[in-house]
Undergrad: 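The structure is given below, and queries will be raised subsequently.
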Amino acid sequence: MTSRTADAVLFFRTWLSAPLQVASVTPSGRALSSLITIEISADTGTVIELGPGTGVFTEALLERGVAESNLVLVEYNTDFAGQLSHRFPKAGTIQMDAAKLRKLLLQAPGC
Ligand SMILES: C[S@@+](CC[C@H](N)C(=O)[O-])C[C@H]1O[C@@H](n2cnc3c(N)ncnc32)[C@H](O)[C@@H]1O
């Protein structure tokens with residue numbers, strides 16, 4: 001099984017267990033991920049990606065020259081978050097509800 005097929009299977013299984021949260025039966029395709037990331041480059045700096053799922057947009061960001069260490073991946077689902085941290089070890093993967101991000105940032109020192 002290719003990694004793309006394995007991702008599609010994981011995505012569908014995860015959708016079955018949490019349909020409202022995952023909200024799609026398949027990951028986004030390459031054309032959409034290319035379009036969504038079109039204005040992002042290596043010079044952008046830190047990129048915070050909310051709900052990366054299996055990492056389709058993450059891959060597109062890397063292809064655009066963003067350093068993996070400049071990526072922060074905020075994913076609620078534990079299976080997706082586990083796979084993301086394995087696949088992108090230099091990125092910061094945070095398993096949390098992105099809606100609580102503001103509260104977390106306000107608690108950070110210096111904010
Ligand atoms: C429609 S999928 C999109 C996944 C991926 N970006 C793609 O285009 O293939 C929505 C993603 O957002 C995640 N998600 C949903 N609610 C979230 C929340 N409150 N905080 C963080 N991630 C969330 C889901 O687990 C899922 O990975």
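Counting starts at 1 for both ligands and their atoms, following the listed order.
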Undergrad: Just checking, is any N or O donor in the side chain of Gln83 or Thr54 under 3.5 Å from an acceptor N or O on the other one?
TA: no
Undergrad: Just by distance, do the side chain of Thr37 and the backbone of Ser33 share a donor-acceptor pair under 3.5 Å?
TA: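 Side chain of Thr37 to backbone of Ser33, a donor-acceptor pair under 3.5 Å: yes, one is there.
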Undergrad: Check each atom of ligand 1 against the heavy atoms of Ala98 and keep those under 4.0 Å away; list them by number with element.
TA: 18 (C), 19 (N), 20 (N), 21 (C)
Undergrad: Under the side-chain contact (heavy atoms from CB on, under 4.5 Å) rule, what do Leu101 and Leu50 come out as? Steps first, then yes or no, please.
TA: CA-CA 10 Å; Leu101 209 48; Leu50 307 181; 3.9 Å; yes
Undergrad: For atom 9 (O) of ligand 1, find the nearest protein heavy atom and state the residue, atom name and distance (0.1 Å precision).
TA: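 Looking only at protein heavy atoms, the one closest to atom 9 (O) of ligand 1 is Ser28 N, 2.9 Å.
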Undergrad: Any atoms of ligand 1 less than 4.0 Å from a non-hydrogen atom of Phe80? List them with their elements.
TA: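 Checking each atom against Phe80, I get 25 (O), 27 (O).
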Undergrad: Hey, mind stepping through Glu49 and Thr58 against side chain to side chain donor-acceptor pair (under 3.5 Å) and telling me if it holds?
TA: CA-CA 8 Å; Glu49 187 182 349; Thr58 317; 2.8 Å; yes
Undergrad: Would Leu10 and Phe80 count as a side-chain contact (heavy atoms from CB on, under 4.5 Å) if you check the C-alpha gap in whole Å, the side-chain angles of each, and the deciding distance to 0.1 Å?
TA: CA-CA 8 Å; Leu10 171 64; Phe80 286 155; 3.9 Å; yes
Undergrad: Same cluster or not: Val56 versus Val47, using hydrophobic residues (I, L, V, M, F, W, Y) connected whenever any side-chain heavy atoms lie under 4.5 Å apart?
TA: no
Undergrad: Is Asp97 close enough to touch ligand 1? Criterion: a residue heavy atom under 4.0 Å from a ligand atom.
TA: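 Per 4.0 Å heavy-atom rule, Asp97 contacts ligand 1.
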Undergrad: Which ligand 1 atoms does Pro27 reach within 4.0 Å, using its non-hydrogen atoms?
TA: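 Checking each atom against Pro27, I get 9 (O).
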Undergrad: Roughly how far, to the nearest 0.5 Å, is CG of Asn70 from CG of Leu61?
TA: 10.5 Å
Undergrad: Examine the proximity of ligand 1 to Ser33 and report which part, side chain or backbone, both or neither, has a heavy atom under 4.0 Å away.
TA: neither
Undergrad: Does Val72 share a hydrophobic cluster with Val66, counting links as ILVMFWY side-chain heavy atoms below 4.5 Å and allowing steps through other members?
TA: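 Looking at the clustering, Val66 is in a separate group from Val72.
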Undergrad: Just to be sure I'm reading this right: ignoring hydrogens, which of Thr78, Val22, Leu84, Val74 gets closest to atom 10 (C) of ligand 1? Compare them by their nearest heavy atoms.
TA: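 Answer by nearest heavy atom: Val22.
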Undergrad: Among all protein heavy atoms, pick the one closest to atom 27 (O) of ligand 1 and tell me residue, atom and distance.
TA: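 Going atom by atom, the protein heavy atom closest to atom 27 (O) of ligand 1 ends up being Glu75 OE1, 2.8 Å.
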Undergrad: Taking it one step at a time, do Arg87 and Glu59 satisfy side-chain contact (heavy atoms from CB on, under 4.5 Å)?
TA: CA-CA 10 Å; Arg87 187 173 287 172; Glu59 292 282 1; 4.1 Å; yes
Undergrad: Among all the protein's non-hydrogen atoms, which is closest to atom 21 (C) of ligand 1, and how far away is it?
TA: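 Result: Tyr76 N, 3.4 Å.
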Undergrad: Considering only heavy atoms of Gln21, which atoms of ligand 1 have at least one such atom less than 4.0 Å away?
TA: 15 (C), 24 (C), 25 (O)
Undergrad: Note the single closest protein heavy atom to atom 6 (N) of ligand 1, along with its residue, its atom name and the distance in Å.
TA: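 The closest heavy atom on the protein side is Gly51 O, 2.9 Å.
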Undergrad: Would you mind running through ligand 1 and noting each atom that sits below 4.0 Å from a heavy atom of Met96?
TA: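 Taking each heavy atom of Met96 in turn, ligand 1 has 20 (N), 21 (C) under 4.0 Å.
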Undergrad: To which protein heavy atom is atom 5 (C) of ligand 1 closest, and what is the distance rounded to 0.1 Å?
TA: Pro52 O, 3.4 Å
Undergrad: Going by the order shown, which atoms of ligand 1 are within less than 4.0 Å of some heavy atom of Ser24?
TA: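 Numbered from 1, ligand 1 contributes 1 (C).
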